[in-house]
Structure formats: structure tokens, C-alpha cells
Amino acid sequence: MSILLFFLASIGAIVGAVGVVALRNPFYGVLSLVAHLICLAVLFLLLQAEFLAAAQVIIYAGAVMVLYVFVVAYIGGQDESLGTSHGVLRVLTPIFVGVLIVELLIALLGSGLSAVTSKGAKVSTMFGSANQIGDLMLTKFLLPFEVASLLLLVAAIGAVGLARRRVGYGPGDVPFDAATIAAAPPAGTGTMAEASGDRPVAGFRGEDR
Amino acid sequence: MGIAWYLAVSALIFAIGIGGVLTKRNPIVILLCLELTLNAGNLALVAFARMWGNADGQIFALIVMVVAACEVTVGLGLIVALHRRGLKVDVDELEELRG
């Protein structure tokens with residue numbers, strides 16, 4: 001049963017990975033990656049990483065991929081044009097990838113580790129459960145846990161800063177230079193100076209003064 | 001199934017991802033291929049964690065997932081900023097670092 005499941009999931013994962021590279025429309029590429037991630041979650045389950053499999057499906061295939069779908073929809077998933085500028089790279093890449101596969105397989109499988117060909121160490125049924133992961137995260141790996149939360153905060157702030165609308169930098173925008181900032185805004189537009197009474201507005205009779 | 005099979009799948013997915021990063025021109029697809037390589041690394045980490053019967057590798061994989069989420073956030077923010085400024089979203093056209 002587990003052998004059948006392993007082959008189904010690994011073939012699904014590899015087909016999904018090939019789909020990400022081969023499909024021309026980025027939207028289909030994102031959907032292919034979702035299929036790939038779900039197959040990987042099945043492989044994680046087979047390796048007794050239950051919590052990681054759940055996190056993979058919920059966070060990765062759920063939240064992160066929704067972000068991708070939103071951005072592809074916003075940009076307008078234009079089909080990839082057949083570029084000719086990459087002539088050398090297009091010839092060299094398959095050779096490089098082939099060499100890389102051979103090298104990785106030699107490094108991983110020819111390492112001489114006797115445990116590689118085994119089914120792994122004897123583990124209890126608690127291995128990889130949310131219980132064990134949570135215990136490790138709050139004791140042995142407390143510092144990486146806190147650093148990861150800080151990294152997420154920095155990334156969120158950075159993304160807001162990167163993607164916010166800047167005035168005056170687009171092709172058709174009015175330049176937003178120092179002179180524009182220095183010039184006083186028109187009267188009656190509700191500036192702070194008017195609100196505090198430092199700059200009286202003609203024709204406005206303040207009730208509270 | 002032996003651990004070696006999982007490592008072979010991981011190596012294949014990693015190589016496919018690297019090939020995609022090298023050949024693709026759309027930055028969104030390049031980010032997708034980067035996700036492939038990170039996930040291949042995750043699979044290898046989880047396989048080794050199972051091999052030693054030690055859950056430390058699973059924590060490592062979880063941290064890799066956090067880093068991947070951050071990378072996606074910043075990368076997609078960059079792509080949205082590129083699109084807002086009317087630049088062509090194509091890594092071959094974006095050969096100048098100056099704005």
C-alpha cells in the first residue's frame with residue numbers, strides 16, 4: 001500500500017514540477033505547483049511528518065499559492081514569449097541539468113551511508129506529530145522560532161513598502177519634487193496649519209474661536 | 001520504501017527547478033521554480049529526519065517554509081512594483097539596476 005502511494009505521489013510531484021517549467025501560461029504554472037505541493041504533502045505523510053504535511057497543505061498550497069494567483073491575475077498572466085536572446089542558455093541548460101541530476105544522485109545515493117537503503121530508524125507513533133514539533137519548537141529551537149517570526153514581520157513590512165503606490169515616479173505622473181512640497185497648499189483644504197489656527201482661512205468663521 | 005527513493009525524487013525535483021530558473025524569463029515563473037528547489041530541499045530534510053529518527057530535520061524544514069514565504073512576499077512585492085511603474089515584467093528587459 002505504501003509502495004503504491006509512494007509511486008503515485010512521487011510521479012505526481014515530478015509531473016507537477018515539469019508542468020511548472022513546461023507550461024507557458026503562468027496561471028497554469030501556479031496550478032501545477034499546487035498539485036506538486038499536495039503530492040509532496042503525501043510524501044511527507046509517508047515519512048511520518050504529519051504536522052509538516054498539514055502545514056504544507058494549509059500554508060503553502062493554500063495561503064502562499066493564493067498570493068501567487070492574485071499577483072498573476074493583477075499582472076495579467078501574459079504568455080511567455082519565445083525568446084531568442086537566450087540561445088546559448090537554452091542549449092546549455094539541459095546539459096547542465098543532466099549533469100546536476102547525475103551529480104546529486106551520486107552524492108545522495110553513493111554516499112555509503114548504510115541507513116540510506118533502509119526504511120529508516122525505528123520511531124514511535126508520536127514521531128512528527130504536532131505534539132513533538134511544538135515541544136521542540138518551544139524548548140530546543142526557541143531561538144530559530146523567534147527569529148523566524150521576526151523575519152516574517154520584516155518581510156511583511158518590506159512588501160508593503162515595495163508595493164505601495166509612489167506618486168510622481170510613473171511615466172505619466174506629475175513630478176513630485178521639492179518645489180511642489182514647499183509650495184503652500186491651496187486655502188481651505190484642511191491642512192494642519194488651518195486646523196490649529198496658525199493660518200487663518202478667508203471667509204471661514206470658526207465657531208470655537 | 002527505502003529512504004534512497006525519496007532522495008532520488010528530491011534530486012530530480014531540484015534539478016527541474018534549477019532548469020526552470022535558468023531558462024524562464026517571466027519573474028513570476030522564476031519564483032515558482034525557486035519554490036520547486038526549496039521544496040526538494042524540504043523533502044530531503046524530512047527524508048533524512050526519518051532516516052535518523054530525529055525530528056530536528058522537520059523543524060529545519062518548517063523554518064525553510066517560513067523563509068520561502070518571506071521570499072515570495074518580497075519577490076511578488078517587487079514584481080507588483082515593477083508592473084506599477086510600467087516596466088515590462090521580463091528579466092531580459094530588466095538589465096539596468098538604476099531606476
Side-chain angles (χ1 to χ4, degrees), chain A residues 2-3 6 10 13-14 17-18 20-21 26 29 33 40 43-44 47-49 52 59-60 64 67 71-72 75 80 83 85 89-90 93 97 100-101 104-105 108-109 115-123 127-128 132-133 136-137 141 144 148 151-152 155-156 158-159 162-163 165 169-171, chain B residues 1-20 22-26 28-29 32-33 35-36 39 42-44 46-47 49-53 55-56 58-59 61-63 65-70 72-74 76-81 83-86 89 92:
Chain A
S2 82
I3 293 177
F6 170 80
S10 55
I14 291 170
V18 171
V20 172
V21 179
L33 189 63
L40 268 191
L43 287 180
F44 286 175
L47 287 167
Q48 294 195 14
L52 216 57
I59 298 172
Y60 234 127
V64 174
L67 197 63
V71 171
V72 171
I75 303 287
E80 189 135 309
S85 61
L89 209 52
R90 277 188 192 282
T93 301
V97 168
L100 190 67
I101 289 177
L104 279 174
L105 287 180
L108 289 171
L109 307 182
V116 161
T117 48
S118 75
K119 284 188 172 182
K122 281 273 178 213
V123 289
F127 183 72
Q132 193 192 10
I133 299 287
L136 277 174
M137 273 211 143
F141 295 102
L151 182 67
L152 279 173
L162 275 172
R165 185 175 291 278
Y169 285 110
Chain B
M1 296 303 294
I3 300 297
W5 287 88
Y6 293 93
L7 296 177
V9 172
S10 156
L12 269 178
I13 294 171
F14 184 84
I16 293 169
I18 291 288
L22 284 176
T23 51
K24 287 295 180 175
R25 301 172 67 194
N26 189 337
I28 297 177
V29 184
L32 290 177
C33 295
E35 299 281 326
L36 284 182
N39 276 305
N42 264 352
L43 182 59
V46 174
R50 178 73 188 80
M51 184 170 109
W52 296 116
D56 292 5
Q58 295 190 8
I59 304 279
L62 209 57
I63 300 289
M65 280 167 71
V66 170
V67 173
C70 293
V72 167
T73 323
V74 174
L76 289 181
L78 275 173
I79 294 170
V80 168
H83 184 70
R84 282 248 173 92
R85 295 180 62 170
V89 183
D92 282 354

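Letters go in sequence order (proteins before strands), and every chain restarts at 1.
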### Query
How close do A55(B) and L136(A) get, heavy atom to heavy atom, and via which atoms?
CB-CD1, 3.7 Å
## Note on the structure
Max heavy-atom pairs within cutoff under 4.5 Å with chain A, candidates G77(B), G20(B), A44(B), A69(B), goes to G77(B)
### Task
Go through the atoms of L33(A) and report whether side chain, backbone, both or neither lie under 4.5 Å from a heavy atom of chain B.
side chain
### Query
What's the spacing between F44(A) CZ and N42(B) CG if we round to 0.5 Å?
5.0 Å
### Task
Could you have a look at G17(B), A49(B), G53(B) and say which one has the most heavy-atom pairs with chain A under 4.5 angstrom?
G53(B)
### Check against side-chain contact (heavy atoms from CB on, under 4.5 Å), V46(B) and Q48(A)
CA-CA 9 Å; V46(B) 174; Q48(A) 294 195 14; over 6 Å; no
### Query
Any idea which heavy atoms bring N26(B) and P26(A) closest together, and the distance?
ND2-CG, 3.5 Å
### Task
Count the heavy-atom pairs under 4.5 Å between each of V72(B), D56(B), L78(B) and chain A, then report the option with the highest count.
D56(B)
### Summary
Closest non-hydrogen contact found for G128(A) with Q58(B) is CA-OE1, 3.3 Å
### Task
Look at L32(B), T73(B), V9(B) and state which one has the largest set of heavy-atom pairs under 4.5 Å with chain A.
L32(B)
### Task
Determine, stepwise, if the pair I3(B) / L47(A) fulfils side-chain contact (heavy atoms from CB on, under 4.5 Å).
CA-CA 9 Å; I3(B) 300 297; L47(A) 287 167; 4.2 Å; yes
### Query
Do you know which two heavy atoms are closest between I16(B) and A17(A), and how far apart they sit?
CG2-O, 3.6 Å
### Message
Which atoms of I3(A) are under 4.5 Å from chain B, going by heavy atoms: the side chain, the backbone, both sets, or neither?
### Response
both
### Query
Checking side-chain contact (heavy atoms from CB on, under 4.5 Å) for the pair F14(B)/I101(A): CA distance, chi angles, key distance, verdict?
CA-CA 8 Å; F14(B) 184 84; I101(A) 289 177; over 6 Å; no
### Query
Closest heavy-atom contact between V20(A) and C33(B)?
CG1-SG, 4.2 Å
### Choice from V18(A), V64(A), I133(A) maximising heavy atom contacts with chain B below 4.5 Å
I133(A)
### Task
May I ask you to name which of V67(B), N39(B), I28(B) has the most heavy-atom pairs under 4.5 Å with chain A?
N39(B)
#### Entry: pair M137(A)-L62(B): side-chain heavy atoms closer than 4.5 Å
yes
### Summary
CD1 (I13(B)) and CG (L104(A)) are apart, to the nearest 0.5 Å, by 12.0 Å
### Query
L76(B) pairs by side chain to side chain contact (heavy atoms under 4.5 Å, CB included) with which of V72(A), V71(A), I75(A), L162(A)?
V71(A)
### Query
How many angstroms lie between CD1 in I59(B) and CD in Q132(A), if you round to the nearest 0.5 Å?
8.0 Å
### Pairwise side-chain contact, L105(A) with L12(B), heavy-atom cut-off 4.5 Å (strictly under)
no
### Query
At a heavy-atom separation under 4.5 Å, does I79(B) approach chain A through its side chain, its backbone, both, or neither?
both
